[in-house]
Amino acid sequence: GQSLEQPSEVTAVEGAIVQINCTYQTSGFYGLSWYQQHDGGAPTFLSYNGLDGLEETGRFSSFLSRSDSYGYLLLQELQMKDSASYFCAVYGVNSGTYKYIFGTGTRLKVLA
Amino acid sequence: DTGVSQNPRHKITKRGQNVTFRCDPISEHNRLYWYRQTLGQGPEFLTYFQNEAQLEKSRLLSDRFSAERPKGSFSTLEIQRTEQGDSAMYLCASSWGTGGGETQYFGPGTRLLVL
């Protein structure tokens with residue numbers, strides 16, 4: 001089967017650095033994506049890792065280790081507006097069909 | 001690029017009624033996805049189209065759910081004989097891709113409440 005695990009909640013202060021981990025189990029793995037969702041809003045794309053290593057986009061970085069079935073999202077210089085839920089998502093194959101599987105999300109609270 | 005749009009944004013219905021939602025993807029995108037999301041959970045995959053072909057439908061989806069994308073552009077999701085358990089946010093996303101792992105762009109969602 002396919003599954004993803006990420007922490008349910010993380011709290012940090014403004015200006016700090018926070019890492020949100022994601023471990024996954026899937027067959028036919030293509031890559032790991034990260035999405036941000038504010039309360040009442042739609043998920044928005046943050047980053048994608050198709051290969052091992054670190055991808056950096058401004059204050060956000062994402063890492064993937066395919067051998068460990070593990071990835072993380074790193075948020076630097078936290079701002080209040082970063083308070084949101086963060087989802088990892090894998091694109092994989094199960095029983096010959098392809099689909100995206102999202103984790104249950106990590107709720108990030110940024111404190112002043 | 002006007003983004004992905006969904007209509008209606010909110011729908012309240014009585015149990016047993018049928019509802020239909022519409023999704024207009026980004027115009028050049030060939031893939032369209034439907035998801036369901038409940039409070040505190042991640043988006044749950046429902047079904048996926050590449051152009052007008054429905055390539056995958058979740059086994060979690062009962063026969064009461066049906067989706068179409070007749071001309072490879074907009075899509076509709078119909079729920080027949082709604083149940084209270086169908087109450088959720090229904091999200092549509094579109095992307096351009098031929099393999100896997102492409103960026104999905106989500107619409108604002110349709111929030112369904114079944115009384």
Side-chain angles (χ1 to χ4, degrees), chain A residues 1-9 20 22 24 26-52 55 57 62 64 66 71 73 84-107, chain B residues 1-7 9-10 21 23-26 29-50 53-61 67 88-111:
Chain A
Q2 300 184 70
S3 65
L4 292 94
E5 289 189 14
Q6 53 182 128
S8 59
E9 189 171 301
I20 300 174
C22 175
Y24 61 86
T26 187
S27 54
F29 176 81
Y30 270 71
L32 186 71
S33 297
W34 289 92
Y35 287 79
Q36 178 192 61
Q37 186 177 31
H38 287 97
D39 286 347
T44 56
F45 172 81
L46 290 178
S47 70
Y48 172 73
N49 294 74
L51 301 173
D52 285 359
E55 294 284 340
T57 308
S62 58
L64 175 66
R66 297 170 74 106
L73 178 70
S85 291
Y86 292 83
F87 297 92
C88 58
V90 297
Y91 188 79
V93 61
N94 186 27
S95 301
T97 56
Y98 291 84
K99 57 185 173 185
Y100 277 95
I101 302 296
F102 281 78
T104 54
T106 298
R107 189 170 185 87
Chain B
D1 180 358
T2 59
V4 179
S5 61
Q6 294 186 243
N7 287 288
R9 296 291 307 276
H10 303 274
F21 309 142
C23 171
D24 287 89
I26 294 172
H29 284 180
N30 60 338
R31 291 182 169 178
L32 188 147
Y33 304 80
W34 285 99
Y35 293 90
R36 177 171 60 192
Q37 187 176 28
T38 54
L39 197 63
Q41 299 297 313
E44 176 189 11
F45 172 85
L46 295 179
T47 189
Y48 145 58
F49 292 86
Q50 180 152 318
Q54 187 174 18
L55 298 186
E56 167 66 355
K57 182 176 178 180
S58 171
R59 293 189 183 89
L60 299 175
L61 222 55
M89 175 74 85
Y90 290 83
L91 294 164
C92 173
S94 71
S95 67
W96 170 258
T98 54
E102 72 275 10
T103 300
Q104 296 184 63
Y105 295 84
F106 282 83
T110 295
R111 185 171 295 281

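It should be emphasised that the depicted structure is a prediction, and the values quoted were computed from it without experimental measurement. Basis for what follows: all heavy atoms, side chains included, without hydrogens, waters or symmetry-related copies.
In this structure a side-chain-to-backbone donor-acceptor pair under 3.5 Å is present from Y35(A) to Q104(B).
Across every non-hydrogen atom of Y100(A) and F45(B), the tightest pair is O-CB, 3.7 Å. Taking each heavy atom of R31(B) and Y91(A) in turn, the nearest pair found is NH1-OH, 3.9 Å. Taking all atoms of both residues into account, the shortest heavy-atom contact from F106(B) to A42(A) is CB-CB, 4.0 Å. Closest approach of P43(A) to P43(B), counting heavy atoms only: CG-CG, 4.2 Å.
Enclosure of atom CZ in R66(A) by more than 12 non-hydrogen atoms of other residues, nucleotides or ligands within 6.0 angstrom is indicated.
There is no contact between E44(B) and chain A, counting heavy-atom distances below 4.5 Å. Proximity to chain A (any heavy atom under 4.5 Å) is shown, for Y105(B), by neither the backbone nor the side chain.
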